[in-house]
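Order of appearance sets the numbers: ligands from 1, and atoms from 1 within every ligand.
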Amino acid sequence: MTGTLNKIVFPTAGLGTRFLPATKASPKEMLTIVDKPLIQYGVEEALASGMDEIIMVTGRGKRAIEDHFDISAELEANLKAAGKDALYKEVSRVARMAEVVYVRQKQALGLGHAVACAEHWVGDEPFGVALADELIIAEIPAMQQLRQVHEQTGCSVIGLMQVPSHLVNRYGIVQAEQQANGLLQLKDMVEKPPIGEAPSDLAIIGRYIFTPRLFELLADTKPGKQGEIQLTDAVARLAQEEPVYGVLIDGKRFDAGNPLGFLMANAELGMLDPKIGADFATFLRRLL
Ligand code: G1P
């Protein structure tokens with residue numbers, strides 16, 4: 001296999017339609033769980049998984065993401081002068097945590113198209129893809145769980161979780177086969193199948209590692225479900241050519257790109273927060 005795995009693509013150009021009107025003028029990736037935006041959780045997971053070259057595929061109205069990972073000289077100077085050392089450290093840490101390049105997806109043509117926009121910056125190397133609205137809290141970071149199988153096999157690896165059968169139409173769903181070596185090989189996958197027609201209840205949950213061959217397949221993937229160029233369609237073709245493995249992610253996942261998942265994430269992580277957790281738990285108990 002060519003190259004080491006240190007690049008990761010974050011598609012962040014989506015319109016955030018599941019969270020309107022909140023996402024009309026602000027990126028859904030900047031929605032806050034306790035005191036950090038979703039995209040920062042994603043970047044921290046990538047860094048903890050050894051992927052420190054970050055490619056953000058952005059679009060119109062997503063400037064706040066760039067500003068978040070940029071140095072804010074005025075803010076840093078103010079915090080320093082006011083003696084707010086902890087905040088100063090955190091703000092300057094975020095601005096310097098990663099090398100990020102920003103690529104513009106000029107038209108919202110689908111997730112597959114967004115990933116294809118990163119090709120020039122990834123080159124002929126394996127790379128990760130992470131969807132920041134899927135927040136995954138895990139002892140071993142989700143991308144690291146994928147990396148372990150990639151390092152063992154040199155192949156593409158997709159993160160999976162079991163979902164209730166009445167929700168399969170919200171996800172890419174895989175057909176998997178257990179191999180003698182214990183790995184789960186993906187034979188096929190379908191984007192948002194109708195309930196009752198899904199090949200399984202194993203859903204793709206927004207964590208991927210790909211070989212660069214994916215780019216060639218994306219280049220001639222036709223619009224599929226919802227008229228969009230679907231990443232799942234290109235990966236299904238990849239799985240016909242070379243082994244693609246699935247990993248059942250060990251961790252807690254929140255679909256924080258919609259109001260219910262967002263509130264659940266805030267409730268759960270809010271209760272665990274060392275500073276406000278105890279007071280928040282007391283409040284919640286009283287509320288119930
Ligand atoms: C995308 C993918 C889908 C995957 C999902 C996970 O769908 O196309 O295969 O299961 O992310 O969140 P979206 O939610 O962007 O419609």
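For Leu272, the side chain to side chain contact (heavy atoms under 4.5 Å, CB included) criterion is met by Leu269, not counting sequence neighbours.
What sits closest to atom 4 (C) of ligand 1 on the protein, heavy atoms only, is Ile204 O, 3.4 Å. Protein heavy atom at the shortest distance from atom 12 (O) of ligand 1 is Glu134 OE2, 2.5 Å.
Inside a 4.0 Å radius of atom 10 (O) of ligand 1 there is at least one protein heavy atom.
Close approach of ligand 1 to Gly172 is summarised as follows: ligand atoms under 4.0 Å from at least one heavy atom of the residue are 3 (C), 4 (C), 9 (O), 10 (O). Every atom of ligand 1 with a heavy atom of Thr232 under 4.0 Å away is listed here by number and element: 9 (O). Ligand-side atoms of ligand 1 in range of Lys192: 7 (O), 13 (P), 16 (O), range being under 4.0 angstrom from any heavy atom.
Annotation: cation-pi pair Lys192/Tyr171 absent, no NZ/CZ under 6.0 Å from the ring centroid and within 45° of its normal.
More than 12 heavy atoms of other residues, nucleotides or ligands shown are found within 6.0 angstrom of CD on Gln148. Within 6.0 Å of NZ in Lys106 there are 12 or fewer heavy atoms belonging to other residues, nucleotides or ligands. For CD of Gln107, the number of neighbouring non-hydrogen atoms (other residues, nucleotides, ligands) closer than 6.0 Å is 12 at most.
Residue Ile205 has no nitrogen or oxygen atom sitting less than 3.5 Å from a nitrogen or oxygen atom of ligand 1, judged on distance alone. At under 3.5 Å, not a single nitrogen or oxygen of Tyr171, backbone or side chain, sits near a nitrogen or oxygen of ligand 1. For ligand 1, the polar-atom distance check against Leu131 finds no nitrogen or oxygen pair separated by under 3.5 Å. Distances between N or O atoms of Glu191 and those of ligand 1 include at least one value under 3.5 Å.
Taking the six-membered ring for Trp, Phe215 and Phe127 have ring centres closer than 6.0 Å.
Pairs of residues two or more places apart, or lying in two chains, that qualify as salt bridge (Lys or Arg N to Asp or Glu O under 4.0 Å) and include a residue from residues 68-82 are Glu76-Arg96.
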